[in-house]
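Working notes, beginning with the structure itself.
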Amino acid sequence: MLLEKFKTAKQPEIQALRQLEYINMLPLPLRIERPSFLNALCAPNGNRPHVIAEFKRASPSRGDILMDFPPEEAAKQYAEAGASCLSVLTEETYFKGTLGYLKRMSAPGLPLLRKDFIFDRLQVAATAATPASALLLIVRLTPDAALLRSLREQAEAHGIDAVVEIFDEADLALARESGARIIQVNARDLDTLQVDRSACLRLAERFHQAGDNEAWIAASGISASDHLRQAAGAGYQAVLVGTSLMDGGAPGAALKGLLER
Ligand SMILES: O=P(O)(O)OC[C@@H](O)[C@@H](O)c1c[nH]c2ccccc12
């Protein structure tokens with residue numbers, strides 16, 4: 001199971017954080033005004049979905065995507081091209097990211113999402129020491145509404161929103177039970193890595209109503225302006241795009257192309 005491998009790969013980091021906590025040396029939370037991730041998703045944007053542009057150097061499905069591109073430059077290009085938020089892969093083993101990318105991508109001032117496998121309160125504490133405005137919680141990794149709730153509330157105490165990722169109706173029920181306000185539907189099953197965009201669209205059509213007080217994000221496999229229109233039509237406030245922006249080597253130009261057509 002790939003999900004189990006993702007979880008196992010986080011154990012050394014969690015152990016190291018435990019040791020730091022034991023000697024009272026956990027990194028301190030950054031006392032900064034974090035731009036609101038949720039507000040950015042809810043801002044009026046015509047009929048277009050907001051784009052959360054992702055810095056993704058490599059992935060388990062694609063291997064290396066774009067290894068030698070500076071995160072500072074990607075942040076600048078994405079901001080100029082019209083991204084509403086940035087997503088930063090910080091997972092080291094499978095996605096070749098690192099926590100330091102958050103600070104390195106903070107200059108344009110867009111809300112930053114920490115994309116990683118987060119299921120322990122010490123990882124939330126470590127996120128609070130970065131300029132992240134949001135962090136990812138994945139229901140399949142933490143299928144426990146009480147734990148999801150406590151991780152989300154811990155993040156929110158630092159002004160950090162939780163983006164709660166689901167794949168299907170059962171995940172959605174757990175996410176809602178945990179009090180999630182930001183729902184990300186991943187069209188890519190993290191165990192099989194298969195992408196099904198139409199299932200992702202159907203889920204929002206069936207379960208996301210205007211007035212339900214949730215912001216929904218469509219994630220994975222998005223590579224064309226039509227995909228943006230379809231997501232907006234299904235009720236999504238935002239789309240999250242990684243690979244198709246990075247793999248041509250010109251992330252800003254790729255985002256412009258996606259938004260112009
Ligand atoms: O590269 P894509 O197909 O545009 O997909 C991006 C995003 O959905 C993906 O990076 C993602 C969504 N959920 C995750 C959880 C962990 C790691 C990565 C992800």
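Indexing begins at 1, ligand by ligand and atom by atom, following the structure's order.
- Using modelled atom types, one finds no donor on one side chain facing an acceptor on the other under 3.5 Å when comparing Q11 with Q15.
- Under the 4.5 Å side-chain heavy-atom criterion for Ile, Leu, Val, Met, Phe, Trp and Tyr, F55 and L66 are members of the same hydrophobic cluster.
- In this structure, F6 falls outside the shell of residues with a heavy atom less than 4.0 angstrom from ligand 1.
- Atoms of ligand 1 lying under 4.0 Å from at least one heavy atom of K115, given by number and element, are 7 (C), 9 (C), 10 (O), 11 (C), 12 (C), 13 (N), 14 (C), 19 (C).
- When side chains are defined from C-beta on, K56 does not count as touching K115, because their heavy atoms never get closer than 4.5 Å.
- Within the 4.0 Å heavy-atom shell around ligand 1 one finds R188.
- Taking 4.0 Å as the cut-off between side-chain N and carboxylate O, D120 and K7 do not count as a salt-bridged pair.
- Ligand 1 has at least one atom lying under 4.0 Å from a heavy atom of F117.
- In this structure, D116 and L135 have side chains that are not in contact, with every pair of non-hydrogen atoms separated by 4.5 Å or more.
- Set against the non-hydrogen atoms of E54, the atoms of ligand 1 under 4.0 Å away are 6 (C), 7 (C), 9 (C), 10 (O).
- The atoms of ligand 1 that sit less than 4.0 Å from any heavy atom of V241 are 4 (O).
- The nearest protein atom to atom 4 (O) of ligand 1, hydrogens excluded, is given as G242 N, 2.8 Å; this is a heavy-atom distance.
- For the pair S133 (side chain) and R34 (backbone), a donor-acceptor distance under 3.5 Å is absent.
- For atom 8 (O) of ligand 1, the closest non-hydrogen atom on the protein side is S220 OG, 2.6 Å.
- For ligand 1, the atoms sitting less than 4.0 Å from at least one non-hydrogen atom of Q184 are 12 (C), 13 (N), numbered in the order shown with element in parentheses.
- Looking only at protein heavy atoms, the nearest one to atom 15 (C) of ligand 1 is L136 CD2, 3.6 Å.
- In this structure, the protein non-hydrogen atom closest to atom 13 (N) of ligand 1 is E165 OE1, 2.6 Å.
- Side-chain contact check for F117 versus F95: some heavy-atom pair is nearer than 4.5 Å.
- Counting protein heavy atoms only, atom 17 (C) of ligand 1 is closest to F95 CZ, 3.4 Å.
- R140 is listed as a side-chain neighbour of D171, based on a closest heavy-atom distance under 4.5 Å.
- Less than 4.0 angstrom separates some heavy atom of L240 from each of these atoms of ligand 1: 6 (C), 7 (C), 8 (O).
- Ligand 1 has at least one atom lying under 4.0 Å from a heavy atom of G221.
- Contact record, A53 with L255: CB-CD2, 4.3 Å, taken as the closest heavy-atom pair.
- A donor-acceptor pair under 3.5 Å is absent between the side-chain atoms of D64 and the main chain of M67, judged by distance alone.
- Scanning all protein heavy atoms for the shortest distance to atom 1 (O) of ligand 1 gives T243 OG1, 2.4 Å.
- Of the heavy atoms in E91, none comes closer than 4.0 Å to ligand 1.
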